[in-house]
Amino acid sequence: MTPSIPFVDLKAQYAAIRAEIEPAIQEVLESAYFVGGPVLERFEREFAQFCGAAFAVGVANGTDAISIALRAAGVGPGDEVLVPANSFFASAEAVSNIGAQPVFVDADPRTFLMDPVSAAAAITPRTRAILPVHLYGRALDMRPFVELAAAHGLTIVEDCAQAHGAVFAGETVGSSGRLTCYSFYPGKNLGAYGDGGAITTSDPELKQRLLELRDHGSPRKYEHARVGYNSRLDALQAAVLSVKLRHLPEWNAARQRHAATYAEALAGLPILPPEIPPAGEHVFHLFVVRSSARDRLQKFLADRGIATAIHYPTPLHLTEAYQRLGAPGRGACPVAETLAGEILSLPMYAELTEEQLRYVTEAIREFVRAQQIGRQTAAEATAALP
Ligand SMILES: Cc1ncc(COP(=O)(O)O)c(C=O)c1O
């Protein structure tokens, strides 16, 4: 029988931690403390400590986390925010939802993440902030963005929705003291059993502003200093996240092992694995390969019971929503546009077995043999990008 390999296997994860999850949920049900309260505060402390930040503020989802962080940093209507064209839609949407304008920045051909050179070129007198995204689980090198921000007086808000626990040069993402935004959408490396998000910071004043904004702009009950949001992380999700946080280091380590296994098995094939940066830098939320025969490869794998996905099929500036809002057309972000037609995310989750990994890589080898795809090295493929 053809094995079916899902893209993410949350059932396997639940089976492994069920004995810890159920009493944690029970505790919340019996306390009847569903919004705010000790379970949320405990998770916020644990998550801040995990990230190496002074504070974490739980919110309803990762999209709100970005909007609220930008508002707390004073970004608002009329301001421009630099956003990578290669990201999930929410990175830009969160900017638009506060009345600011996303300005799209091309991808780095080596990492597929936001390119600092393109970011510098996109700065105008209206630019107020940069939103670097640690996409796919890979920690961005923040140094060029920090330099740009200092040179132009810009705020940095980081989108870390896909990279909980990634470490760049010894620093965990989120430990910089800058506003850093997380999503706990179920399939994320740290995922709730519903929606959830958080913002970390080390600035007590910003923390206070975040607390108010997430709760109707309210510093004290029935006082409203500004119009905010109803965007809280509920106690049931916090209880689940506290349990899962204990497992996150081992899950991230498993993802890194699987990535190394994939990369080794694909070496020399024209299906190009991502760069494997130094340990800790990439927590492989996604394992994204590149192929000029991407659509045929995806179908070939689907026919063999292997689920894959595309992150993301349309660069943000070319989505219908941003075309309606007057974003530039094709050609504005040529690297992101080319990648969108070639990238494919392979199954990736901590519980993947050796046998499943072998099945996927064998299927890819078979595809290459059957389709007689020409050999192209990673360096050639990178050089071929616009
Ligand atoms: C890069 C990125 N930014 C933002 C978000 C938004 O998070 P959420 O779905 O929790 O609103 C996500 C996740 O979906 C994401 O992957």
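When a ligand or atom number is given, it counts from 1 through the structure's own listing order.
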Does this structure show an ion pair linking [X] with [Y], if we count only N-O contacts that are shorter than 4.0 Å?
X    : Y    : answer
R232 : D215 : yes
E147 : R143 : no
E342 : R294 : no

Item to check | Close residues, ligand 1: non-hydrogen atom nearer than 4.0 Å | outcome: N61, G62, T63, S87, F88, A90, S91, V133, D159, A161, Q162, S183, K188, G196, Y312
Verify whether the ring centers belonging to [X] and [Y] lie closer than 6.0 Å.
X    : Y    : value
F7   : H311 : yes
F47  : F184 : yes
Y136 : F284 : no

